[in-house]
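The chains referred to below are lettered A, B, ... by the order of the sequence lines, with proteins before strands, and numbering in each begins at 1.
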Number of protein chains: 2
Amino acid sequence: MNWSRNDGPRGYHHGNLKEALIRAALELIAKKGPGGFTFAEAARFAGVSPAAPYRHFRDRDELLADVARRGFEAFAAALERAWDGGRPAPFAAFERLGRAYLAFARSEPAYYSAMFETGLPVEMSPELQAAGDRAFAVIRTAAERLIADMPAGRRPPALMMALHIWSMSHGIASLFARGDAGRRALPMSPEELLEAGVLVYLQGLGVSAASDRDRGK
Amino acid sequence: MNWSRNDGPRGYHHGNLKEALIRAALELIAKKGPGGFTFAEAARFAGVSPAAPYRHFRDRDELLADVARRGFEAFAAALERAWDGGRPAPFAAFERLGRAYLAFARSEPAYYSAMFETGLPVEMSPELQAAGDRAFAVIRTAAERLIADMPAGRRPPALMMALHIWSMSHGIASLFARGDAGRRALPMSPEELLEAGVLVYLQGLGVSAASDRDRGK
DNA sequence: CAGTTCATGTGAAGGGTCCTTACATGACTC
DNA sequence: GAGTCATGTAAGGACCCTTCACATGAACTG
């Protein structure tokens, strides 16, 4: 008689409890933060007994790690879509990348929390680490592409550049673009703030929109 | 070990329970994250009954807010000390400010967590908000000082500048300078990373160390 | 100094949630 | 149709939060 989460009755076996638990975790994290998520409540949410989740995840952390992994994968995909190989012009694509970063943090706060605010060791699972690396690689690749045409002598280290961009993006996302409540008021949107910050930063590196125009775009 | 966190025997009254509870909260937050801190455990830690804390704080959140407030106050004080009115030269002082930011995040992880990772509404108490504002004001004042000598036409908005610096600092602190475990490896220290980032950013704004030299320093 | 007041701490209890171990069920195989 | 194994259940122990009536002793008062 347990009409769990959605459609149709179910028998003794749920059918797809693992997926249901992950969706439950996402809703709970979104609602009450990454700390206020409990194994038992996810089970209740999925309409099964508190012990059922243990058949699918060793413990709470393993579930969270799986959520984080999926988050990083979706994140990497979103960033890749935005960057789109740097087409039609790297500089414009880079701005899209920044907007995509904030858009993800805002539209998927649960994933974002699981990815960055759980305090899980990254080395917890190789898959988690790999997914995180892939997301970061998008930013790094974009940075490399942006500076590719600069004279070698004035070309900044791409890794450092990617770390700076990432840090500023994450900082803005954490401080200003999260949730609906609890954060400081801004004179501009987080997107505008990030775009301006990245622009200034690139200017400081000597990378400029001129490179797009040089390319005939 | 003195489990009651108080030297010498105590009678029926603790004497300074409020302080003891806050110290307990700090140790517990440092050890188990901001979520894994409970009212009852703090009481046990201080050697009193589970009901005693209610004489000093309405609930767990009020205690956390008080910890966060003290954190912001210590933070503001540390930043002010580092900035030191911009003496002897604003540019050098600004670098000290960045290092002080990371030093605080690293040496006081419990405070930093309470300040930024609890999800408490900032408006929870006017004192909390005021303390947070005072910390931010240090960065903003420093930014204003840095650009004070620029020609008015090319002078960037100080508020925006402060927000960018803060975001990058917080991003680096969150991603790389926290705790002992769980973060990504870096090719350089967080301090160096932040210093380089701020330097590039200021370069992009047209602020340069030359202004220190102009001042004869 | 005796008596009173009041902040502070105790103990116990209700209600809740969580986690885990031993057991139950039924889907699948042969 | 019988066995096997993944999957889910039930029940119990532990902890936490909060509130109550009550205990204690420090500070004030006259």
TODO: Taking only the side-chain heavy atoms of A:Ala51 (C-beta and beyond), determine which of D:dT9, D:dC16, D:dT19 contains the nearest atom.
DONE: D:dT9
TODO: Can you label the angle between the A:Phe104 ring and the A:Phe75 ring as parallel, tilted or perpendicular, going by 30° and 60°?
DONE: tilted
- [ ] Look at the side chain of B:Tyr54 and decide which nucleotide, out of C:dT21, D:dC16, D:dC17, has an atom nearest to it.
- [x] D:dC17
Open item on the list: I want to check something: taking the side chain as every heavy atom from C-beta on, are A:Phe136 and A:Leu163 in contact at a cut-off of under 4.5 Å?
Closed with: yes
Open item on the list: Let's see if you can work this out: which of D:dC16, D:dA10, D:dC17 has an atom nearest to the side-chain heavy atoms of B:Phe39?
Closed with: D:dC17
Task: Nearest-Å distance for atom pair CZ/C1', residues B:Phe57 and D:dT19 - done: 19 Å
Open item on the list: Is A:Thr38 close enough to C:dT17 that one of its side-chain N or O atoms is under 4.0 Å from OP1 or OP2 there?
Closed with: no
TODO: For B:Arg58, answer base if it contacts any base atom (sugar-phosphate contacts may also be present), sugar-phosphate if it contacts only those atoms, and nothing otherwise; contact means non-hydrogen atoms under 4.0 Å.
DONE: nothing
- [ ] Mind calculating the distance between CZ (A:Arg55) and P (D:dT9) to the nearest angstrom?
- [x] 11 Å
Task: Rounded interatomic separation in angstrom, taking CD from B:Glu41 and C1' from D:dC15 - done: 10 Å
Open item on the list: Output the rounded distance in Å from NE2 (A:His56) to P (C:dT20).
Closed with: 17 Å
Open item on the list: Any base atoms under 4.0 Å from A:Ala40, or only sugar-phosphate, or nothing? Heavy atoms, all strands.
Closed with: sugar-phosphate
